[in-house]
Amino acid sequence: MDITEFNRDFFSLEGKSAVVTGGNTGLGQAFALALATAGADVLVPSIADDDGTTRKLIEAEGRRFEFLECDLTRPGVPAQVVDACVERLGSLDILVNSAGMSINRQVEEFGREHWDPMVSLNLTAAFELSHEAIRYMIPQRSGKIINIASMFSFLGGQWSPAYAATKHGIAGFTKAYCDELAQHNIQVNAIAPGYFATKITEQTRSDPAANQRVLDHIPAGRWGEVADLMGTTVFLASRAADYVNGHVLPVDGGYLVR
């Protein structure tokens with residue numbers, strides 16, 4: 001590509017179709033809306049529909065929204081999700097593996113009953129969805145898989161060994177899939193959000209001492225807002241990132257450098 005060919009269309013997702021797991025709330029909703037704002041139609045698979053907010057936001061952008069009620073950890077469901085996207089929206093160009101959960105217990109109380117559901121959703125479902133997605137992406141010789149990692153892809157973490165293990169696993173899985181799929185013009189990357197102001201962190205933010213401990217570790221001096229992730233999502237999903245592959249990109253206000 002000659003540099004004179006570069007233009008704003010490199011960030012356009014017009015005509016693309018995306019699956020965003022966990023796209024009904026929180027960070028996942030921001031990922032879904034970001035893709036729609038850039039021009040993509042979006043399918044969100046989830047155990048339960050939200051209050052309609054995600055649909056309204058996406059349709060307000062003039063894009064199509066599809067919802068599929070399902071449990072991503074059940075056998076055969078990932079294939080159904082991928083096929084539904086192609087059938088309803090016409091293609092599958094972007095997969096965002098955002099669905100996840102965290103169960104917190106002190107290490108001596110953390111057993112298989114806590115470990116297994118987290119591994120099933122956070123890691124195995126992301127693998128199975130990606131494995132099914134490439135059935136379409138390889139023949140079309142294009143595709144973007146965006147996994148959602150974490151600060152715990154780089155660090156340890158108290159009270160949830162399964163969360164740290166799955167997020168380290170997502171980082172490794174991202175690199176492994178890149179290594180095999182780059183030859184097919186499929187880019188596989190991950191976003192590692194830092195500390196964001198969401199419902200999950202509400203308890204920490206409401207505790208002055210705990211809140212200050214977090215802020216003292218962030219050079220930007222503030223919690224992330226979900227909108228801070230939207231530009232990164234569009235970039236990694238777009239033609240502008242065609243030579244970005246196997247990367248785990250922190251969006252953390254500098255947390256990892258301090």
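Side-chain atoms are counted along with the backbone in the values below, which use heavy atoms only and exclude waters and symmetry mates.
Between Leu249 and Asn189, every side-chain heavy-atom pair lies at or beyond the 4.5 Å cut-off. At least one side-chain heavy atom of Pro250 sits less than 4.5 Å from a side-chain heavy atom of Phe154. Put simply, the side chain of Ile186 does not reach to within 4.5 Å of the side chain of Tyr177, judged on heavy atoms. Here the side chains of Ser46 and Glu69 are not in contact, with every heavy-atom distance at 4.5 Å or above. Using a 4.5 Å heavy-atom threshold, the side chains of Pro193 and Val251 count as separate. Counting heavy atoms from C-beta outward, Ile47 and Cys70 have side chains that stay 4.5 Å or more apart. Taking 4.5 Å as the limit, every side-chain heavy atom of Thr37 sits out of range of all side-chain heavy atoms of Val234. With a 4.5 Å cut-off on side-chain heavy atoms, Ser17 and Ile94 do not count as touching.
Hydrophobic cluster membership differs between Leu123 and Met101, with clusters built from Ile, Leu, Val, Met, Phe, Trp and Tyr side chains linked at under 4.5 angstrom. Val244 and Leu181 fall into different hydrophobic clusters, where Ile, Leu, Val, Met, Phe, Trp and Tyr are joined by side-chain heavy atoms under 4.5 Å apart, directly or via other members. Note: the hydrophobic cluster containing Phe67 also contains Leu35 (ILVMFWY, side chain heavy atoms under 4.5 Å, direct or indirect links). A continuous path of ILVMFWY side-chain contacts below 4.5 Å connects Ile148 to Val42, so both sit in one hydrophobic cluster. Residues Ile146 and Phe10 share a single hydrophobic cluster, defined by chaining ILVMFWY side chains whose heavy atoms lie under 4.5 Å apart.
Here the CZ atom belonging to Arg88 is positioned 6.0 Å from the CG atom belonging to Leu43, to the nearest 0.5 angstrom. With rounding to the nearest 0.5 angstrom, the OG1 atom of Thr53 is 11.5 Å from the CG atom of Leu33. Taking CZ of Phe11 as the reference point, atom CZ of Arg239 lies at 11.5 Å (rounded to 0.5 Å). In this structure, the separation between CG on Leu92 and CD1 on Ile134 is 11.5 Å, given to the nearest 0.5 Å. Interatomic distance, Asn24 CG to Ser98 OG, rounded to the nearest 0.5 Å: 10.5 Å. Separating the CZ atom in Phe31 from the CG atom in Leu236 is a distance of 10.0 Å, to the nearest 0.5 Å.
Judged purely by atom type and a 3.5 angstrom limit, His114 uses its side chain to pair as donor or acceptor with the backbone of Gly111. Under a 3.5 Å cut-off, the side chain of Thr233 and the backbone N or O of Ala34 do not form any donor-acceptor pair. Judged by distance alone, with hydrogens and angles left aside, the side-chain atoms of Asp41 form no donor-acceptor pair with the main-chain N or O of Leu89 at under 3.5 Å. For the pair Asp83 (side chain) and Gln80 (backbone), a donor-acceptor distance under 3.5 Å is absent. Between the Ser130 side chain and the Ala126 main chain, a donor and an acceptor come within less than 3.5 Å of each other. Not one N or O on the side chain of Arg63 forms a donor-acceptor pair closer than 3.5 Å with the backbone of Leu57.
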Exercise. Starting from the C-alpha separation in whole Å, work towards a yes-or-no answer on side chain to side chain contact (heavy atoms under 4.5 Å, CB included) for Leu13 and Ser238.
Key: CA-CA 6 Å; Leu13 302 179; Ser238 73; 4.0 Å; yes
Quiz item: Between Asp93 and Tyr136, is a side-chain hydrogen bond (donor to acceptor under 3.5 Å, both in side chains) present by the stated rule, with each step listed?
Solution: CA-CA 8 Å; Asp93 306 290; Tyr136 293 98; over 6 Å; no
Exercise. Might you work through the side chain to side chain contact (heavy atoms under 4.5 Å, CB included) test for Trp223 and Phe196, ending with a clear yes or no?
Key: CA-CA 5 Å; Trp223 288 76; Phe196 277 74; 5.6 Å; no
Exercise. Please test Tyr195 against His217 for side chain to side chain contact (heavy atoms under 4.5 Å, CB included), starting from the C-alpha separation and ending with a verdict.
Key: CA-CA 10 Å; Tyr195 284 81; His217 205 93; over 6 Å; no
Self-check item: Working for side chain to side chain contact (heavy atoms under 4.5 Å, CB included), residues Thr124 and Thr73
Solution: CA-CA 8 Å; Thr124 303; Thr73 66; over 6 Å; no
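Residue pairs satisfying the side chain to side chain donor-acceptor pair (under 3.5 Å) criterion with at least one member in residues 162-173, sequence neighbours excluded, are listed as follows: Asn122-Thr166. Sorted by first then second residue, the side chain to side chain donor-acceptor pair (under 3.5 Å) pairs that include residues 140-149, not counting sequence neighbours, are Asn97-Asn147, Lys144-Gln187, Lys144-Asp242, Asn147-Thr174.
Among residues two or more places apart in sequence or in another chain, the side-chain hydrogen bond (donor to acceptor under 3.5 Å, both in side chains) test is passed with Glu132 by Arg135.
What you find for Ile218 and Gly253 is that their closest heavy atoms are CG2-O, 3.7 Å. In this structure, Leu95 and Ala133 approach most closely via the heavy-atom pair CD2-CB, 4.0 Å.
In the displayed structure, Arg258 atom CZ is contacted under 6.0 Å by more than 12 heavy atoms of other residues, nucleotides or ligands. More than 12 non-hydrogen atoms from other residues, nucleotides or ligands lie less than 6.0 angstrom from CD of Glu59. Shown here is His131, whose NE2 atom has no more than 12 heavy atoms of other residues, nucleotides or ligands within 6.0 Å.
A donor-acceptor pair shorter than 3.5 Å cannot be found between the side chains of Gln203 and Asp207.
The pair Glu14-Lys16 does not count as a salt bridge, with every side-chain nitrogen at least 4.0 angstrom from each carboxylate oxygen. For Lys56 and Glu61, the salt-bridge test fails: no basic side-chain N is under 4.0 Å from an acidic carboxylate O.
In this structure, Arg105 forms no cation-pi arrangement with Phe110, as its terminal cationic atom is not both closer than 6.0 Å to the ring centre and no more than 45° off the ring axis.
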